[in-house]
Structures are given as C-alpha cells and as structure tokens.
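So that the names make sense, note that chain A is the first sequence line, chain B the second, and so on, each numbered from 1.
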Protein chains: 2
Amino acid sequence: MKITSSTEYATRLIVNLGRTFGAAAVSTEKLSESENVPADYVNQLLLRLKRAGLVQSHRGSGGGYSLSRSPEKITLGEVLRAVEGTIFEDVCGKYNDGRKDCHHQGHCGISPVWQKLAALIEQYFDSITLAHLMEEKAGSCGKVEAMLGRIPQ
Amino acid sequence: MKITSSTEYATRLIVNLGRTFGAAAVSTEKLSESENVPADYVNQLLLRLKRAGLVQSHRGSGGGYSLSRSPEKITLGEVLRAVEGTIFEDVCGKYNDGRKDCHHQGHCGISPVWQKLAALIEQYFDSITLAHLMEEKAGSCGKVEAMLGRIPQ
DNA sequence: AACATACTTGACTATTTTAGTCAAGTATCG
DNA sequence: CGATACTTGACTAAAATAGTCAAGTATGTT
Ligand code: FES
Ligand code: FES
C-alpha cells in the first residue's frame, strides 16, 4: 500500500479546502503556509487533485483552489487514488520478473489474502468522506460494519 | 504499510515449510530452488523467522529449517512482524520532523482514520493462520466478521 | 579427526522509490 | 500592462529496498 508524504499532505490540504467550502478560493501559497508543506509540492499535489476532478482552480490574482463538490461527496479513497495512482498494488507477481512462481497456481491460498486485504482497504477508504475528516472529534472514522457487507468472501 | 519482497518471500517460504511439517527439516538451498528466491536472501529471512521463534534450525548435514509450532498456531501477522518489524507505521508525525502540525490537535478527524486502518489491517493479518494459507482452494482467507468485534470504534 | 553440509552474522552495494526542487511557461484579474 | 497565481515537465538528493558477500560456527557422516 502506498502511504507516502503525498498521501498525508494531500489529505490535510483537501480537508483545509473543505473548511472554506462555499467561500473564496485559497491560493497554494496560503495552503503551503497553513499546512506547512513546501509550496512547490502543494502545487504538484493540487494539480493531481484537479486532474481527478476533486478540486477546481481559479487563475489570476485572487485565484486559488476550491472543492468542486461538497465535502460529503468526496471520499478519502478518491483523494488517495488521485495522488498515488493505485492504493494497493498487487503483491503476487510483483517480484520474480512478473511471473507467478507459486506452485499451486490457480488455487493458491496466499494470493486471495492479498486480494481481500486490498478490497478491505479500498472499501474502508471509500467509506470515509471529507465531511468525516472535517469533524473535529475523534471516533467518527468510518462505519466498518456497513462497509463489510460489500466485501466478497 | 510495509509490503515488500521480504513479505512476499517470507510468506511463501513459511508456507512451504508448513507443507512438510512433521517430516524432516528443509535446507535453505532447497527452499531457494523450490520458491525461486535468492539463496542468501532465504537465509536472511529464515533467520528472522527463527529469532521470532516461528521456525527452528538444525545445523550440520541433513539440517535445515522446520516450523516450531503447528501451522494452525502461526499467524500471518506474526510472520510479517518478524520480517518487517512493524506492519503499519504511524502516518501522523512521520513527516515535518516529527511534530504534528495539524491545526486541530487532540481532536483531529484525520489521525483516527489512520489508527483505525492500522488496527483493521493488524487484526486481519492476525486472523489468518498458516493453515489457512496452506489450503489450496481460494476463498478461505479469513473471517472478516469475527475480526471486527475486536476493533475499537 | 577430517570433511562436507548447512546455519550464522553483519556489513556492504546497486537499484528503485520517495520527497522535494526548479525553471520556464500560461491564464486571469484589476 | 503588470502582478498574481496556476501549469507543465524535467530534474536531483536522500532514503528505502532488494539482494550480495565474506568470514565465520556448529553438526552429522565417514
Ligand atoms: S500466487 Fe503468489 S504466493 Fe501463490
Ligand atoms: S494529526 Fe495528522 S492530520 Fe491531524
């Protein structure tokens, strides 16, 4: 799974934008200062969020970024896929030049575990919205039960 | 989360040992050949598994490694912690020289999400035994429901 | 005892990934 | 027109990963 500085920063940045949703756009320099992330890095990350359609940009003086949807309609999963590409990369076949050298191919007991983990993680991230993240009390970090029904056994 | 080549290899190696549980020990060279992992790397990984008490070594000719417990009593979580140290590293405070520069410290909506994810993943890995991994049919990769009861909301 | 087998230890290196930087743009507002 | 601020893509330093190497030590067999 890819949890890098981009993950951490992008999450903080978009939550920051969520706080001023409906109000004026925020410049990357302001974001850089308030979230303590290098300015050029902020640019890079917000550009990816923009390309994924999660935020809008407004050029020129007084411009900046703003959410393109309300915080309830943006999930953490979308944010992470936007900045990292894919959240959980396949484990089997990643090493040994891509060929699966497992002896029990087709009915292997290991690979389903990685696949299910991937599903578990994706579903978890998709169950969490920006609105959840903006709540300033701990404990509301996704309803795990609700999400479980959708994981294939 | 740390899912590296060590993770992948160590899992395959210990499953391999599981298959001959009760029979003779298997040399690292044999393991290297049958699992297609560099011999010196196999040595390194099995040594870590040994230090964690999951496998036993037998020196001298005819020696090798064998499980030190039955496959039902070894979990994937134990294996991963043995080879990687910690499975999921803290996200908050990992960047920005260790200080949490979140504006809503103490009641932040983001950090509980990483913490819960970590718990989710650890519980999942701990719910899977070597015996599960050895079953050569897909689909028996841990009972997610059972594991959920133990995750703090 | 000698010898081959096979684990043990720890340092070392090449490769890849991550984190962050830089420069040269383009569009918009006032 | 000029300042503000996004846009693009390449570039670099630092860290992590993947794998190697060499010099051991212990054990079973002959
Ligand atoms: S297919 Fe990857 S370990 Fe079996
Ligand atoms: S404490 Fe890390 S983002 Fe709030």
Side-chain donor/acceptor of [X] to backbone N/O of [Y], under 3.5 Å:
{"X": "A:Thr86", "Y": "A:Glu89", "result": "no"}
{"X": "B:Glu78", "Y": "B:Thr75", "result": "yes"}
{"X": "A:Thr129", "Y": "A:His132", "result": "yes"}
{"X": "A:Arg69", "Y": "A:Lys73", "result": "yes"}
{"X": "B:Ser127", "Y": "B:Tyr124", "result": "yes"}

(request) Indicate, with a heavy-atom threshold strictly under 4.0 Å, whether A:Lys2 touches base, sugar-phosphate, or nothing. (result) sugar-phosphate
(message) For a quick check of understanding: with a heavy-atom distance under 4.0 Å over all strands, which category does B:Arg48 fall into, base, sugar-phosphate or nothing?
(response)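 Here B:Arg48 touches no strand at all.
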(request) Would you kindly compare A:Asp40 and B:Thr28 by the position of their nearest DNA chain C nucleotide and give the one closer to the 5′ end? (result)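 Taking each residue's closest nucleotide, the earlier one in sequence belongs to B:Thr28.
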(request) Between B:Lys50 and A:Ile3, just flag the one whose closest nucleotide in DNA chain C comes earlier from the 5' side. (result) B:Lys50
Taking only side-chain nitrogens and oxygens of [X], does any of them come within less than 4.0 Å of OP1 or OP2 of [N]?
{"X": "A:Ser27", "N": "D:dC6", "result": "no"}
{"X": "A:Arg51", "N": "D:dT8", "result": "yes"}
{"X": "A:Tyr9", "N": "C:dG20", "result": "yes"}

Rounded to whole angstrom units, what separation is found between the [atom1] atom of [X] and the [atom2] atom of [N]?
{"X": "A:Leu49", "N": "D:dT7", "atom1": "CG", "atom2": "P", "result": "12 Å"}
{"X": "B:Leu45", "N": "C:dT8", "atom1": "CG", "atom2": "P", "result": "13 Å"}
{"X": "B:Tyr41", "N": "C:dT8", "atom1": "OH", "atom2": "C1'", "result": "18 Å"}
{"X": "B:Lys94", "N": "D:dA16", "atom1": "NZ", "atom2": "P", "result": "8 Å"}
{"X": "A:Asn43", "N": "C:dC22", "atom1": "CG", "atom2": "P", "result": "14 Å"}
{"X": "B:Met1", "N": "D:dT17", "atom1": "CE", "atom2": "C1'", "result": "16 Å"}
{"X": "A:Arg12", "N": "C:dA19", "atom1": "CZ", "atom2": "P", "result": "13 Å"}
{"X": "B:Glu84", "N": "D:dA16", "atom1": "CD", "atom2": "C1'", "result": "11 Å"}

(request) Flag the pair A:Thr7 / B:Trp114 as yes when at least one side-chain heavy-atom distance between them is below 4.5 Å, and no otherwise. (result)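 SC-SC contact between A:Thr7 and B:Trp114 confirmed.
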(message) When you compare the side chains of B:Ser27 and B:Tyr65, does any donor N or O come within less than 3.5 Å of an acceptor on the partner?
(response) no
(message) Would the base of D:dT7 count as contacting A:Gln44 through its side chain, where contact means a donor and an acceptor less than 3.5 Å apart?
(response) no
(request) Go through residues 53-65 of chain B and report each residue with a non-hydrogen atom lying under 4.0 Å from DNA chain C, sorted by number. (result)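 Per residue number, the list reads B:Ser57, B:His58, B:Arg59, B:Gly60, B:Ser61, B:Gly62, B:Gly63, B:Gly64, B:Tyr65.
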(request) Using the closest heavy atom to pick a nucleotide of DNA chain D for each, name whichever of B:Ala39 or A:Glu29 lands nearer the 5' end. (result) A:Glu29
